[in-house]
Amino acid sequence: MCGIVGAIAQRNVAKILLEGLSRLEYRGYDSSGVAINNEVGVRAHRAVGKVQALKDKFEATPLDGKIGIAHTRWATHGKPTENNAHPHFSGDDLAIVHNGIIENHDKLRNQLKTQGYVFKSETDTEVIVHLIHQELQSEPDFLQAVKNALKYLEGAFAIAVTLNDQNHRLVAARKGSPLVVGIGIEENFVASDQLALLHVTDQFVFLEEGDVVEVTRDGVTIFDSQDVIQERPVHVFNHNVDATDKGEFRHYMMKEIYEQPKVIAACLEGRISENKVLTDCFGADSSFLKNVENVHIVACGTSYHAGMVAKYWIEDLANLPCTVEVASEYRYRKVAVPKNTLFLTLSQSGETADTLAALRKAKELDYLTSLAICNVPSSTLVRESALTLLTNAGAEIGVASTKAFTTQLTALLITAIAIASEKGALSAIKEAELVNSMHSLPAHIDEALKQDVAIKKVSERFANKHNALFLGRGPMFPIALEGALKLKEISYIHAEAYPAGELKHGPLALVDEDMPIISIVPHNSMLDKLKSNLQEVAARGGELYVFADKDAELQNAEGVIFTEVLKVDEILEPIVHVVPLQLLSYHVAVVKGTDVDQPRNLAKSVTVE
Ligand code: AGP
């Protein structure tokens with residue numbers, strides 16, 4: 001999704017901004033631009049496609065200056081063209097970059113047109129810069145003019161604005177879209193994501209809803225939504241390794257798949273002892289664990305799939321009703337909240353607009369409390385939730401979520417066991433057994449990764465496929481959904497997933513010799529039922545890709561390509577057996593030559609509806 005970088009320094013900021021944009025590439029975008037403010041005015045370069053195209057423009061025609069703003073755009077209003085790329089201007093001296101969506105842009109555009117403003121783009125962003133320009137006609141102070149203009153806007157935004165005047169400063173603001181301030185030595189920055197600024201600082205201030213900030217070389221002044229100056233804490237970025245480094249791997253996605261043993265260990269650390277879950281991992285007040293009578297999980301995409309797995313665990317271990325819903329649906333419907341329901345959100349980024357809106361709605365309703373399972377400690381979701389369990393996966397750069405998913409599952413299993421134990425639904429012996437299994441998770445994932453070479457070989461058979469069907473049963477059904485999502489996201493192969501028992505109720509009609517059917521068949525209680533479903537496919541000439549453990553007693557046969565997966569305790573199967581599917585989609589994408597880390601049309605952090 002769109003990314004913002006802004007800088008004010010004593011040195012030329014062009015390189016800082018371009019490097020910042022490169023670091024934001026992982027979020028997904030289709031064009032980019034930079035505006036540099038210097039003694040001759042504000043000048044910009046914009047380019048469609050990769051940030052490299054913008055860098056080439058800077059190479060050919062350098063722009064130097066000590067103040068600048070930059071942007072990667074993910075098209076919402078208007079096609080990904082150079083004209084629609086940010087920064088947008090009003091006159092020659094005022095430029096803006098913007099993330100989010102201005103919902104009343106049509107009305108504002110019409111009003112501005114009647115006042116003589118001429119629009120050069122189809123974007124909603126251009127209305128903001130003209131509004132600021134209009135305010136500047138009666139309000140000479142740039143900061144105040146921006147504040148005045150913001151009052152007209154409905155929707156979500158993070159903006160950074162520069163004006164070529166005597167006061168050297170940047171003005172930025174957020175409402176509904178994230179924005180951080182980076183603090184340097186006699187230079188300061190703004191960005192939509194702290195990763196964009198790690199090459200220049202590790203000190204960050206996270207802006208809150210409604211904040212407007214004035215950034216100069218020497219300081220930062222933050223005004224809250226009531227226009228009162230606020231001091232906000234400075235956070236020091238504490239990742240040991242810069243996540244934007246791919247290391248020995250060709251793609252971030254592969255690096256992140258291989259990081260899973262390490263980050264799952266980090267997710268478990270301090271949350272489980274030798275034989276029990278340490279309930280203080282939910283914070284000082286973990287009384288909700290005893291009082292909860294229902295759980296409602298809300299999330300999007302991959303995080304939603306993690307929630308679907310958790311439903312099986314919570315109902316099975318804690319014997320409590322658990323419902324799971326996509327956030328974009330929850331936020332717009334009338335909901336009935338059963339007594340003592342825990343509202344649980346899942347999000348890798350903690351900035352997903354629909355999930356945040358769902359949380360805000362839930363806070364108005366009668367839930368027991370809200371718990372966020374999230375990977376980004378500084379995110380809006382974490383800040384706005386009553387309770388948090390961090391997944392500790394480290395920054396995830398690949399758009400296709402991998403390590404964020406398996407750490408979400410790990411955190412969810414911790415939560416399910418904690419609830420079950422506190423509710424008295426789990427004996428101490430059973431809890432010890434489960435926790436013991438969890439200790440071996442990192443080693444199991446390490447083992448699962450050893451199938452990489454075999455899976456790469458299988459992936460070659462998908463080079464010319466256009467469709468695929470994933471099957472699973474029980475908690476492996478959401479894993480089938482996740483496998484299908486991974487394949488479509490990065491290889492652009494149309495893929496669907498079904499609970500295997502649903503096959504004969506419709507999808508069986510699709511099965512022929514061209515349709516690969518991928519099935520994860522761990523040796524669990526559903527094995528025999530799943531085997532009969534596979535027979536139904538084989539009988540219709542479908543090509544079967546079966547991932548099963550030794551005990552499932554399946555093997556290569558005509559039309560059956562068998563890949564052995566590790567035998568693990570049933571409760572861990574969803575976490576361990578999603579790994580072969582991640583590897584499969586990765587290798588298929590490489591075979592097909594797609595952009596693995598930044599698939600077309602997708603964004604890492606979906607900060608608009
Ligand atoms: C995962 O591969 C996807 N890119 C996407 O479905 C993602 O999980 C979804 O947008 C939710 O994001 P979140 O976890 O950051 O809220």
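One-based numbering, in listed order, for ligands and for the atoms of each.
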Quiz item: Do any N/O atoms on Q408 end up under 3.5 angstrom from N/O atoms on ligand 1?
Solution: no

Practice problem: Please answer whether the main-chain N or O of L487 pairs with a side-chain N or O of S491 as donor and acceptor at a distance below 3.5 Å. | Solution: yes

Practice problem: Would you indicate which of S303, C300, G350, P599 comes nearest to atom 14 (O) of ligand 1 when only heavy atoms are counted? | Solution: S303

Practice problem: Among all protein heavy atoms, pick out the one at the shortest distance from atom 12 (O) of ligand 1; state its residue, atom name and that distance to 0.1 Å. | Solution: T352 OG1, 3.5 Å

Quiz item: Looking at residues at least two apart in the chain, or sitting in another chain, which of them share a side chain to side chain donor-acceptor pair (under 3.5 Å) with S385?
Solution: none

Exercise. Among all protein heavy atoms, pick the one closest to atom 15 (O) of ligand 1 and tell me residue, atom and distance.
Key: S349 OG, 2.7 Å

Exercise. For atom 8 (O) of ligand 1, grab the closest protein heavy atom and report residue, atom and distance to one decimal in Å.
Key: T302 N, 3.1 Å

Quiz item: Just checking, any donor-acceptor pair under 3.5 angstrom between side chains of T380 and E351?
Solution: yes

Quiz item: Of the protein's non-hydrogen atoms, which lies at the shortest distance from atom 10 (O) of ligand 1, and what is that distance?
Solution: V606 CG2, 3.9 Å

Quiz item: Does R600 make a cation-pi contact with Y492, if we ask for NZ or CZ under 6.0 Å from the ring centre and within 45° of the axis?
Solution: yes

Quiz item: Backbone, side chain, both or neither: what part of K486 comes under 4.0 angstrom of ligand 1, heavy atoms only?
Solution: side chain

Self-check item: Inter- and intrachain pairs under salt bridge (Lys or Arg N to Asp or Glu O under 4.0 Å), touching residues 297-311, at least two apart
Solution: K311-E315

Quiz prompt | Any side-chain heavy-atom pair of C322 and I297 under 4.5 Å | solution = yes

Self-check item: T355, any N or O under 3.5 Å of ligand 1 N or O
Solution: no

Exercise. Would you check if there is a donor-acceptor pair between the side chains of Q408 and S303 at a distance under 3.5 Å?
Key: yes

Exercise. Could you tell me the residue and atom name of the protein heavy atom closest to atom 3 (C) of ligand 1, and the distance to it rounded to 0.1 Å?
Key: E489 OE2, 3.0 Å

Quiz item: Between the candidates G301, S585, S401, which shows the shortest non-hydrogen contact distance to atom 6 (O) of ligand 1?
Solution: G301

Quiz item: What about A400: any of its N or O atoms under 3.5 Å from an N or O on ligand 1?
Solution: no

Quiz prompt | Mutual orientation of the aromatic rings belonging to F282 and F288 [parallel < 30°, tilted 30-60°, perpendicular > 60°] | solution = perpendicular

Self-check item: Numbered atoms and elements of ligand 1 in range of S347, under 4.0 angstrom, heavy atoms
Solution: 13 (P), 14 (O), 15 (O), 16 (O)

